[in-house]
Amino acid sequence: RIYYKIYSSYIKAFQDISRVFFFFFKQKTAYEISACLVGSEMCIRDSSQSSIQNMEKSKEQVTEGKSAFSSKPYYTLAAFNVLSLVMIKLENPWVALAFLYSVMPLADIYLSQDWVNPTKEEAKVLQKQLRYKVAIQITALLDWVSFIFIMNYLITENISLLNRIGVIILGGQLAAASIVIAHELGHKRSTFDKVSACLILSKSLYMHWFIEHNYGHHRYVATPIDPAFSRIGESFYEYLPKVVINGLKSSWKIEAKKMTKIRGFKTPFVPQNKMIWLLLSDLFLFPLTMYLIFGLSGLIHFLFIAAIGVIYLESVNYIEHYGLERKKIGHDEWEKVDIRHSWNAPHRISNYILLKLQRHSDHHENAYKPYQILCSYEQSPQLPSGYTVMILLSFVPKVWFKVMNPRALSYKKYEKIIPEEDVASQEECKKFIRTLSALIVPIVLLGYIYCMTVQPEGNQGLYSYEHNIQYGLQAFS
């Protein structure tokens, strides 16, 4: 209780400070609310109609964090941050990458699935509990520690090229994963949470996404107006440049409209325009900071990390609504967003890492709902596997189309997936991950031995070449 009181005081103090220094993050206007919030704010559907697996749990269990509603699984991303730092320090970042690209997807496929929904009474209790917010705040803190450590490591340590590439890729993965935290915080009303979300996005030079996602994507999701709209048959490599460019344009249009039509300014070029400050930070202030602290080499490394973060973020956007489209009912008017317009997945590991982002239909229908009470609905379109698998699958268009196009066409016609097709697509995902794992393990083994034995010029290492070879082989025996 004492810890919670201290933590609450800490949050309140930073809220007050952030209100002073970030004056442009104001409370939502009526325009912002109508653009962001779709559906009733805290609508919990009747569990007797939507829950696939009903489980009776007492309010005491919910309060104590037992059973299906423990906050401990949501420290998975924080644990991966720690694992990554340890592996980097041991000069073996490829081991952490193998864990990310092989172990986690395999666990997603073969572990039991997460279908449990809270009841209305449980949701009221869960949404007020501080332990879920503590989990994301600790993860956000660890993410910044990881970022600073990685940048400093890349500049100060004389490491091999292969090791350096592994650290950069791992840094980009962590930057992309942290955007899940930014996404959760960005949907809060608190000024402190909004500012925290933007600061996390700054590591990917993508702070304008805060505006586009909340006030553009949530309003026009599953329509051609949405920059993140992905059509059936459109590969991720066709989608990526389109969503990056159009997302930036959409963010500016949203703020320009707000300044001129809502706030009454004659021009959008006023200090109250958030996009001016966010673009200034993305294009100048944050890169300059990286240059001043880490030098030109640090800036180049940072740009690679930021690019990887953006690629993985947009791969998630590509997956979430692929091939799903709302019916047009008038000029620039579409049917209301509901649980049929987003892809969902009940896979456990992805749910833990991504804060139940896979319950995406409920998130779009109730944008302010905290992650711990998001629900799964059997009427929602279901992916054949979790995001840890589907992200990798999206990078191979031929396999992606084979798995997703029949499924997307069925849901677009509001038809149920044929069980045989469902099983076939799931088996295709398993085959893909097994093949990928079979390729990753020997590559990681060779990379591990290489990093242990081949020292960069000027770095003699602690042991001889023969000792490192022997050590590397023993470690994998």
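Predicted, not measured: the structure shown is a model, and the values here were computed from it.
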Heavy-atom neighbours of [X] [atom1] exceed 12 at 6.0 Å:
X    : atom1 : value
K242 : NZ    : yes
K328 : NZ    : yes
F284 : CZ    : no
F304 : CZ    : no

Pairing donors with acceptors under 3.5 angstrom, does anything connect the side chains of [X] and [Y]?
X    : Y    : value
Y377 : E365 : no
Y368 : Q127 : no
H360 : N344 : no
S250 : E212 : yes
S425 : R407 : yes

Of all heavy-atom pairs between [X] and [Y], which one has the smallest distance, and what is that distance?
X    : Y    : value
P118 : L374 : CD-O, 4.3 Å
V310 : S204 : CG2-O, 3.5 Å
S385 : I109 : OG-CG1, 3.7 Å
H347 : Q358 : O-NE2, 3.0 Å
I232 : G323 : CG1-CA, 3.4 Å
P346 : W115 : CG-CZ2, 3.2 Å

Between the side chain of [X] and the main-chain N/O of [Y], is any donor-acceptor distance below 3.5 Å?
X    : Y    : value
S160 : N163 : yes
R326 : T223 : no
N117 : S376 : yes
Y352 : Y75  : no
W209 : L313 : no
S350 : T388 : yes

How about [X] and [Y]: are their ring centroids closer than 6.0 Å?
X    : Y    : answer
Y291 : F286 : no
H208 : F210 : no
F269 : W252 : yes
H341 : H321 : no
F229 : Y220 : no
F302 : F294 : no
H218 : H363 : yes

Requested in this report: Test Y312 against F395 for side-chain contact (heavy atoms from CB on, under 4.5 Å), laying out the working first.
Outcome: CA-CA 10 Å; Y312 275 84; F395 296 149; 3.7 Å; yes
Query - ring pair (Phe, Tyr, Trp, His ring centres under 6.0 Å) partner of H187, chosen from H213, H364, H217 - result: H213
Does some side-chain heavy atom of [Y] sit less than 4.5 Å from a side-chain heavy atom of [X]?
X    : Y    : answer
L355 : L77  : no
Y318 : W400 : yes
L354 : Y371 : no

Charged N-O contact under 4.0 Å between [X] and [Y]:
X    : Y    : result
K203 : D143 : yes
R164 : E157 : no
D108 : K430 : no

Report task. Could you walk me through whether M390 and C429 pass the side-chain contact (heavy atoms from CB on, under 4.5 Å) test, one step at a time? Result -> CA-CA 8 Å; M390 301 308 293; C429 290; 4.1 Å; yes
**Report entry** Derivation and outcome, side-chain contact (heavy atoms from CB on, under 4.5 Å), residues V316 and H183
**Finding:** CA-CA 12 Å; V316 172; H183 174 261; over 6 Å; no
